[in-house]
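So the structure is just underneath, and the comments pick up after that.
Residue numbers begin at 1 in each chain, while the letters A, B, ... track the order of the sequences.
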Protein chains: 2
Amino acid sequence: MSRPGLRERKKQKTRLALIDAALDLFAEQGYDATTVDQIAAAVDVSPRTFFRYFATKEDVALSLDADGHEILLAELAARPAEEPPFTALGRAMNSMITILEQGDTADRSRFLKARELIEATPALFAGGVRMMMQNERLLVAEIARREGMSPDDLLPHFVVSLFTSAIRVGLEACGSGEINDLSDLTRHVERVLELAERSLRPGWDRPAPGDGTASGAGPGSGSGEGTAGDGGAGRTG
Amino acid sequence: MSRPGLRERKKQKTRLALIDAALDLFAEQGYDATTVDQIAAAVDVSPRTFFRYFATKEDVALSLDADGHEILLAELAARPAEEPPFTALGRAMNSMITILEQGDTADRSRFLKARELIEATPALFAGGVRMMMQNERLLVAEIARREGMSPDDLLPHFVVSLFTSAIRVGLEACGSGEINDLSDLTRHVERVLELAERSLRPGWDRPAPGDGTASGAGPGSGSGEGTAGDGGAGRTG
DNA sequence: TAATTTATGGCAGACACTGACAACTGACAA
DNA sequence: TTGTCAGTTGTCAGTGTCTGCCATAAATTA
């Protein structure tokens with residue numbers, strides 16, 4: 001476990017400093033009214049350097065969410081193959097939040113700050129959705145792989161699309177100031193996931209046995225009961 | 001029914017010319033490689049004028065979709081109140097496509113061309129999703145109004161979110177060149193909507209009777225029966 | 001200490017987008 | 001027909017995001 005080396009540590013430090021400065025300025029003056037020059041000046045680096053850390057101005061606010069998506073994907077890959085797709089997605093989501101909770105206090109508040117900002121700023125919100133869409137493709141591929149289906153099949157697309165929709169509805173709460181804590185966020189997300197489970201037929205997220213194509217209201221196998229409930233299960237990678 | 005007047009007609013003509021020129025150039029050289037100056041030059045107007053018609057460069061490709069969203073909302077408002085939310089949304093969608101089908105040949109091919117481009121260009125795709133999100137709020141408000149619920153309630157959010165997810169999956173087909181015709185598009189969208197209907201419990205999209213809030217860890221099972229069950233059959237004239 | 005790799009700053013420039021002002025063009029009434 | 005008014009357009013100057021290029025300074029390795 002050798003430390004990352006001075007160079008790498010310096011980079012991480014600069015990255016976080018840029019994110020913090022940007023988040024503060026955005027909250028203070030608004031996203032549009034804040035220029036990249038101001039962010040760079042606040043951290044005492046050149047604007048050119050800013051763009052070496054973040055491809056666009058919105059990326060600096062979205063980068064934490066991007067990290068979250070990466071974790072989600074990794075956690076999904078780690079779920080056992082017997083779990084039905086939607087259940088696995090819900091549990092992976094829980095694991096992701098658990099991992100976030102294990103971070104520094106500064107990390108946690110930074111994440112929440114960024115989420116509030118994203119939800120309140122149309123430009124950032126759009127960017128966030130864009131990222132989620134990109135991630136959706138990877139999730140679809142992973143679900144298809146788990147279930148031995150083609151990524152072109154309708155079902156995995158539908159399952160993932162429905163899942164991300166539910167997550168989005170759960171995340172909306174960040175915009176209305178009712179979220180002060182990561183556990184508040186967990187609670188909201190779980191509520192929506194439960195609503196989804198209650199609304200769907202058992203076995204909806206798996207192809208009907210003996211049915212090659214993605215369809216069929218098959219007999220209820222796996223995903224019936226309170227799947228999304230088990231909030232702990234902290235698996236690390 | 002008096003004609004719109006010369007001034008208005010000229011404006012519409014310029015607008016369509018800009019859209020057509022942009023669509024051609026985007027398809028030819030790619031979205032990023034095309035500058036606003038080129039589009040303006042192709043229609044022989046100043047770049048400044050371009051921005052008087054479209055707020056941003058991506059808007060020129062998205063404007064037809066925006067029109068579609070407006071129609072969808074209007075059609076939803078026209079659906080009878082007895083229809084369950086999800087059914088009403090599906091039928092409104094069908095009405096929208098039907099209205100598009102009634103347009104000029106040029107109109108139809110332009111629409112499909114724009115959709116292909118959006119689906120194939122990440123930047124445009126993101127913009128399209130952003131638009132859909134904005135529209136989602138209006139759809140939520142309308143559904144909440146129909147059902148006599150608060151727009152803050154979880155259920156209308158979930159219903160609309162699930163609906164737009166399904167539509168998005170259906171629209172994906174535009175990217176893979178398998179759509180040559182608006183009726184192809186209708187077919188794809190209906191397939192996904194049917195998959196959704198099959199996956200969901202009857203009555204899922206209406207609050208359980210006697211249950212004021214649409215949230216709480218309520219009574220387990222669904223409510224009545226077959227409210228939303230009637231597949232994609234609903235065509236209006 | 002010398003050689004190599006990598007982060008950084010400064011600079012010029014392309015492109016998206018905006019505000020202000022002046023010139024032009026349909027709409028409409030006397 | 002003519003004059004007035006309102007809406008449309010082009011020009012110009014400017015801001016801000018983002019990129020390529022090259023020289024410099026700092027960290028890593030030998």
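Rounded to an integer number of Å, the gap from A/Phe51 CZ to D/dC21 P is 18 Å. Rounded to an integer number of Å, the gap from CZ of A/Arg48 to P of D/dG20 is 8 Å. Rounded to whole Å, atom C1' of D/dT9 lies 12 Å from atom CG of B/Asp44.
No side-chain heavy atom of A/Phe163 sits under 4.5 Å from any side-chain heavy atom of A/Val159. Considering only heavy atoms from C-beta on, A/Val36 stays 4.5 Å or farther from A/Val60 through its side chain. Residues B/Ile179 and B/Arg115 form no side-chain contact, since every pair of their non-hydrogen atoms from C-beta on lies 4.5 Å or further apart. Using a 4.5 Å heavy-atom cutoff, the side chains of A/Asp24 and A/Lys113 are in contact. Using a 4.5 Å heavy-atom cutoff, the side chains of A/Phe125 and B/Gln134 are not in contact. Considering only heavy atoms from C-beta on, B/Leu16 comes within 4.5 Å of B/Arg110 through its side chain. B/Phe26 places none of its side-chain heavy atoms less than 4.5 Å from the side chain of B/Thr121.
At the phosphate of C/dT8, neither OP1 nor OP2 sits under 4.0 Å from any side-chain N or O atom of A/Ser46.
No hydrogens or angles were tested; on distance alone, a donor-acceptor pair under 3.5 Å links the side chain of B/Arg52 to the base of D/dG10.
Using a 4.0 Å cut-off on heavy atoms, the residues of residues 9-43 of chain B that approach DNA chain D are B/Lys11, listed by number. Interface residues of residues 53-60 of chain B facing DNA chain C, ordered by number: B/Ala55, B/Thr56, B/Lys57; criterion, heavy-atom separation under 4.0 Å.
Around CZ of A/Arg137, the count of heavy atoms belonging to other residues, nucleotides or ligands within 6.0 Å does not exceed 12.
One finds a salt bridge joining B/Asp67 and B/Arg15 here, because a Lys/Arg side-chain nitrogen approaches an Asp/Glu carboxylate oxygen to under 4.0 Å. Salt bridge annotation for A/Glu142-A/Arg145: present, with a cationic side-chain nitrogen under 4.0 angstrom from a carboxylate oxygen. Using a 4.0 Å cut-off between charged nitrogen and carboxylate oxygen, B/Glu75 and B/Arg79 do not count as a salt-bridge pair.
Under the side-chain hydrogen bond (donor to acceptor under 3.5 Å, both in side chains) criterion, A/Arg108 pairs with no residue at all, not counting sequence neighbours. Taking the side-chain hydrogen bond (donor to acceptor under 3.5 Å, both in side chains) definition, one finds that A/Arg130 meets it with A/Glu58, sequence neighbours left out.
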Using the 3.5 Å cut-off, write out each protein N or O paired with an N or O of nucleotides 28-30 of chain D and the distance between them.
unit_1	atom_1	unit_2	atom_2	d
D/dT28	OP1	A/Leu6	N	3.1
D/dT28	OP1	A/Arg7	N	3.1

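Secondary-structure annotation of DNA chain C gives the stems C:1-30 with D:1-30, with a stem taken as at least 3 successive Watson-Crick or G-U pairs whose two distances both fall under 3.5 Å.
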